[in-house]
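The chain is numbered in sequence order, starting from 1. Computation of the quantities below employed the complete heavy-atom set of this structure, encompassing side-chain atoms and omitting hydrogens, waters and symmetry-equivalent molecules.
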Amino acid sequence: MSGLATPLLVLLFVVAAAVTWLAGIVLSKTTDSLDFRLGLGEELGGILLLAIAGSLPEAAITVSAASQGNLDIAAGNLIGGIAMQTMVLVLCDVVSGPERPLTFLVGALTPVLEGMLVVLVVSGVLMGSLLPTTTAIGGVVSPASVAIVVVWLVGVYVINRVRKEPRWKVSMPGSHPGRRHRRVRDESAPPPYASVSTRRVVTVFGLACAVTLVAGVGLETAGSTLADRAGINGVIFGATVLAGATALPEISSGVAAVRLGDNALAIGDIFGGNAFQVCLFLVADLIAGTPVLPTAGRLNSWLASLGVGLTAVYAMGVVGRPYKCLARLGPDSVLALVVFALGIGGLFALPH
C-alpha cells in the first residue's frame, strides 16, 4: 500500500467502503433469514453468531490493525464507533416523520436496558485502559477484555429474559414500537430470501462474510496509509473516517427498520451492536499478543465518554418521550448533534 499514489489509495478506500456497505446489507438480510428459519436468537451460541455477523466490518478492521501493530487505529475504531453508530439514530429520527420524534414512538423499555448494557461494557473499557500492560492473563490478554465479554454475555441473557417475560406493564399512548425482534415476521412483507433454500442462504451468508472481511482489511490498510501521509492521529482517524465507513450498513438497516415502523428495533439494534463491539478487544489482544486497552490513551477515554453520553441522551429520550420535533428532529437528536460536535472538536483540542 505504501507504494501506491495517494489518489489510488483514496479510490481504494472509497471502493472498500462501498463494498462494506453493500456486503453489510446482504449480511443483515441473510442473518435475518437464518434467524427466522433456525431460531438462532433463541440460544446463546446463535446470539453470538448474529452479533459477530453484525459487527464483521469492525472485526475485520480490528484484526487487520492489530496484526500490523496499529493498536491506536484498532482501539479508535472500536471505541469511536460507538459514538458514530449512535449518531445513526439522528438519521432514523429524520426518517420517522415530522410529527413525533423517534424516541416518542419507541414505546418500549427494552432499548433502555440495551443502552445500560452499553454503559456497563464501556465502563469496563475505561477501567481497562488504566491497567498497566503487565497486568495480563498469560502475558497476552487484559483481564478487562475478558470481563467485558462476560458482562456482555450476562447482559444479553438478562435482556432476552426480560424480552420474553417482562415483569412490568408499560402504557405509552401514541407509540408505535413495531416488532420487538427480527424473528417476529413482518406481515406486510415476506422474510428475506423467502423463496431460496436454506443451503443457498448459508452460501450467500458465507460469501458476504468473506467479502466483508476482505473489504475491512482494505479499509484499514488504505486508511492507515492515508492517515500517516496526512499526519492524522490514528485514534482520530479510526474514530471518525473508519468508524463512519463501517457504520454505513447500520444506516441502511436502521432506516429500513424505521420505514417499516419497527422503531424499537431500530434503537435496539444500534445499542446491541455497540455493546458487542467492544467485546472485540479480546480478539485484538489475541491478535496483537499484548493487551490493547492499556494503550488506548486519553483520546480513547474521551471517545468512550462521548459514546456513553450519546447513549444516555437517547435512553433518556425513550423514557422521557419528547413530543415535538424541530426540523424533523426530536430534542434528544438535537442535543446529540451538539454533544457529538463538541466531542469531536475536543479530540483536536486534547494533546495527542
Roughly how far, to the nearest 0.5 Å, is [atom2] of [Y] from [atom1] of [X]?
X      : Y      : atom1 : atom2 : result
Leu89  : Thr103 : CG    : OG1   : 9.5 Å
Cys92  : Leu265 : SG    : CG    : 10.5 Å
Leu248 : Ser253 : CG    : OG    : 11.0 Å
Ile232 : Thr240 : CD1   : OG1   : 7.0 Å
Arg328 : Arg100 : CZ    : CZ    : 13.5 Å
Leu71  : Thr62  : CG    : OG1   : 11.0 Å

Within one Ile-Leu-Val-Met-Phe-Trp-Tyr cluster: [X] and [Y], side-chain cutoff 4.5 Å:
X      : Y      : answer
Val339 : Ile267 : yes
Leu326 : Met316 : no
Leu22  : Leu242 : no
Leu337 : Tyr314 : yes
Val94  : Val338 : no

Contacts of [X] that satisfy side-chain hydrogen bond (donor to acceptor under 3.5 Å, both in side chains) - sequence neighbours left out:
X      : value
Ser64  : Gln68, Glu220
Thr30  : none
Trp21  : Ser252
Asn274 : Gln85, Thr86

State, with a plain yes or no, whether a side-chain heavy atom of [X] is found less than 4.5 Å away from one of [Y].
X      : Y      : result
Val118 : Glu114 : no
Phe281 : Ile79  : yes
Leu91  : Glu250 : no
Val158 : Leu113 : no
Val149 : Leu153 : yes

Ser197 side chain to Arg200 backbone, donor-acceptor under 3.5 Å: yes

Please table the atom pairs, donor to acceptor, closer than 3.5 Å between any side-chain atom in residues 303-311 and protein atoms at least two apart or in another chain.
from   : atom 1 : to     : atom 2 : distance (Å)
Ser305 : OG     : Ser301 : O      : 3.0
Thr311 : OG1    : Gly307 : O      : 2.8

Hey, can you pull the donor-acceptor pairs under 3.5 Å for the side chains in residues 288-300, sequence neighbours left out?
from   : atom 1 : to     : atom 2 : distance (Å)
Thr295 : OG1    : Val292 : O      : 2.5
Asn300 : ND2    : Ala296 : O      : 3.0

Are there over 12 heavy-atom neighbours, none belonging to Arg161, within less than 6.0 Å of that residue's CZ? no

Atom of [X], atom of [Y] and distance for their closest heavy-atom approach:
X      : Y      : value
Ala65  : Ile73  : CB-CG2, 4.3 Å
Gly174 : Arg321 : C-NH2, 4.0 Å
Leu117 : Val156 : CD2-N, 4.1 Å
Ala23  : Val211 : CB-CG1, 4.0 Å
Met172 : Leu109 : CE-CD2, 3.8 Å
Ser333 : Asp93  : OG-OD2, 2.6 Å

Under the salt bridge (charged side-chain N to carboxylate O under 4.0 Å, His left out) definition, can you give me all pairs with a residue in residues 128-138, not counting sequence neighbours? none

Side-chain donor-acceptor contacts of residues 129-148 below 3.5 Å, not counting sequence neighbours, with atom names and distances?
from   : atom 1 : to     : atom 2 : distance (Å)
Ser129 : OG     : Leu126 : O      : 2.6
Ser142 : OG     : Ala144 : N      : 3.2
Ser145 : OG     : Asp285 : OD2    : 2.7

List the residues meeting ring pair (Phe, Tyr, Trp, His ring centres under 6.0 Å) with Phe271, not counting sequence neighbours, and say none if there are none. none

Under 3.5 Å, side-chain donor or acceptor atoms of residues 8-20 against the rest of the protein: list the pairs with distances, not counting sequence neighbours.
from  : atom 1 : to    : atom 2 : distance (Å)
Thr20 : OG1    : Ala16 : O      : 2.7

Scan for side chain to side chain donor-acceptor pair (under 3.5 Å) pairs involving residues 74-84, sequence neighbours excluded, and state none if there are none. none

Using the rule given for side-chain contact (heavy atoms from CB on, under 4.5 Å), can you reason through Cys209 versus Leu56, listing the C-alpha separation, both sets of side-chain angles and the distance that settles it, and then say yes or no? CA-CA 7 Å; Cys209 287; Leu56 206 54; 3.6 Å; yes

Qualifying ring pair (Phe, Tyr, Trp, His ring centres under 6.0 Å) pairs with a residue from residues 94-143, counting only residues at least two apart or across chains: Phe104-Tyr323

